[in-house]
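Inspection log for the structure reproduced underneath, given as structure tokens.
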Number of protein chains: 2
Amino acid sequence: MTTTAEASSIIKRRRLVDAAAELFHRQGVAPTTFANVASEAKIALGSVYYYFNAKDDLVAAVTEARKGGIEALLARLDGSKQPRQRLEGLIDAWVSDRLVDALYGCPVGSLCFEVARGRGPLGEVAAQPFQVLMSWCERQFRQLGPSRDAAPHALHLVSALQGVSLTAAVLADAELITKEGKVLKRWLRSLEPK
Amino acid sequence: MTTTAEASSIIKRRRLVDAAAELFHRQGVAPTTFANVASEAKIALGSVYYYFNAKDDLVAAVTEARKGGIEALLARLDGSKQPRQRLEGLIDAWVSDRLVDALYGCPVGSLCFEVARGRGPLGEVAAQPFQVLMSWCERQFRQLGPSRDAAPHALHLVSALQGVSLTAAVLADAELITKEGKVLKRWLRSLEPK
DNA sequence: GTCTATACGGCGATAGAC
DNA sequence: GTCTATCGCCGTATAGAC
């Protein structure tokens with residue numbers, strides 16, 4: 001029966017992707033080696049090449065996993081009834097992650113930027129998590145009120161969240177994320193139909 | 001007379017820093033090698049070590065040069081009479097750089113983030129350009145009106161500018177910076193005392 | 001000060017036994 | 001599928017002639 005063998009393979013592949021995602025977040029893609037990933041995932045170096053033919057394949061897999069993480073978060077937020085609650089939930093998610101993000105930056109933003117920089121071969125893949133996030137936000141803003149500004153509002157929110165993660169990491173101050181979260185929520189309320 | 005020799009040394013050192021700054025922006029710090037920098041600056045590989053004992057020294061020099069660039073920009077903006085004009089000038093500066101930034105990100109943000117990530121030994125150095133920019137913005141907002149929100153406003157502006165550079169690079173769309181610039185200017189006007 | 005040449009280590013990738 | 005061993009390249013850093 002191949003089923004168990006296949007399942008074990010899939011589990012190990014996932015373990016490699018998870019280990020790589022963690023290391024890419026903490027150190028960046030460039031300084032992370034296959035040996036790092038292998039040892040973190042407790043798999044022999046040579047075996048990594050059974051799952052990923054080259055580093056780019058691993059990077060693409062991690063980026064897609066990050067996209068999946070974003071989609072899972074947004075699906076959770078879709079449980080909230082009102083668009084404003086959903087958008088506030090997104091801000092809250094950023095604030096909850098403030099301690100890690102102030103150390104290593106946003107795991108999605110830092111990865112996608114490093115991968116997309118200078119239009120590398122993986123530029124399209126790296127854009128996807130941002131497209132998912134941006135269009136979800138745009139949809140929420142469209143439901144928030146009859147303004148024609150949904151697209152700029154979505155861009156403003158995503159930019160602010162990404163920017164504050166970067167700023168907090170550079171300045172080593174997690175509470176900047178809390179503070180910016182409050183500013184963004186006040187802004188959201190100011191957009192509500194009175 | 002050592003004067004000319006010294007001057008030539010200083011010039012070559014500057015050529016190395018400029019070359020490194022350019023390469024750090026286009027490729028990031030990690031993938032940039034001394035050989036890259038040497039060839040871009042048209043200086044032999046071995047000579048680079050006369051000016052910089054290790055890569056970290058070069059990275060620190062480039063980061064300080066970026067801080068100098070920020071200070072020069074802010075000094076130019078200080079020529080404007082009104083605080084709102086000065087803040088709008090900052091936004092305009094970002095918009096002017098949109099084509100390069102949408103390819104490689106903000107040269108200051110991407111560098112400082114990569115250097116500060118995970119609290120490396122250069123974390124303090126990398127924070128300085130951001131501190132300069134942030135406190136300048138805070139001063140402008142304080143002059144803009146008697147609001148007690150100067151610090152959060154400065155954080156919001158810097159975050160938005162950094163975030164939109166990153167987003168534009170990931171999504172390969174320079175016009176996002178133009179659009180966010182308009183949103184930010186509208187926001188500035190809304191803060192004015194009526 | 002500036003160069004060429006090179007030592008040394010590490011990383012991506014492969015070979016091949018089990 | 002998983003491992004160990006290893007090749008070849010490239011990057012940091014140094015040595016030493018000029």
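Letters go in sequence order (proteins before strands), and every chain restarts at 1. We use all heavy atoms of the structure for the numbers below, so side chains are in, but hydrogens, waters and symmetry mates are not.
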**OP:** Scan residues 122-146 of chain A for pairs that pass salt bridge (charged side-chain N to carboxylate O under 4.0 Å, His left out), counting only residues two or more places apart or in two chains.
**Re:** Glu138(A)-Arg142(A)
Original post:
Which is true for Tyr51(A) with a 4.0 Å heavy-atom rule: it touches a base, it touches only sugar-phosphate, or it touches nothing?
Top reply: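 Counting heavy atoms under 4.0 Å across all strands, the contact made by Tyr51(A) is with sugar-phosphate only.
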May I ask you to list the residues sharing a hydrophobic cluster with [X], side-chain cutoff 4.5 Å, ordered by chain and number?
X	value
Tyr104(B)	Val100(B), Leu103(B)
Val183(A)	none
Tyr49(B)	Leu16(B), Val17(B), Leu23(B), Phe24(B), Val29(B), Phe34(B), Val37(B), Ile43(B), Leu45(B), Val48(B), Tyr50(B), Tyr51(B), Phe52(B), Leu58(B), Val59(B), Val62(B), Leu111(B), Val115(B), Leu122(B), Val125(B)

Listed pairs under 3.5 Å, donor-acceptor, residues 161-169 of chain A side chains, sequence neighbours left out:
from	atom 1	to	atom 2	distance (Å)
Ser165(A)	OG	Trp94(A)	NE1	2.9
Ser165(A)	OG	Leu161(A)	O	3.1
Thr167(A)	OG1	Gly163(A)	O	2.8

Subject >> Contact boundaries on DNA chain C for chain B, cut-off under 4.0 Å to non-hydrogen atoms >> reply: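 In short, chain B contacts DNA chain C from dG1(C) to dT4(C).
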Using the side chain to side chain donor-acceptor pair (under 3.5 Å) criterion, which residues pair with [X]? Sequence neighbours excluded.
X	value
Glu175(A)	Arg98(A), Thr178(A)
Lys182(B)	none
Glu114(B)	none

**OP:** Kindly state each residue pair satisfying side-chain hydrogen bond (donor to acceptor under 3.5 Å, both in side chains) with at least one member in residues 143-154 of chain B, sequence neighbours excluded.
**Re:** Arg86(B)-Gln143(B)
**OP:** Please work out which residues in residues 118-125 of chain A have a non-hydrogen atom less than 4.0 Å from an atom of DNA chain C and list them by number.
**Re:**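 When residues 118-125 of chain A is checked for heavy atoms under 4.0 Å from DNA chain C, there are no hits whatsoever.
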Atom pairs under 3.5 Å: protein N/O with N/O of nucleotides 10-12 of chain D:
from	atom 1	to	atom 2	distance (Å)
dT12(D)	OP2	Phe34(B)	N	3.0

**OP:** Verify ring-ring contact (aromatic ring centres under 6.0 Å, His included) between Phe130(B) and Trp136(B), making sure each step is shown before the conclusion.
**Re:** CA-CA 10 Å; Phe130(B) 270 65; Trp136(B) 182 88; over 10 Å; no
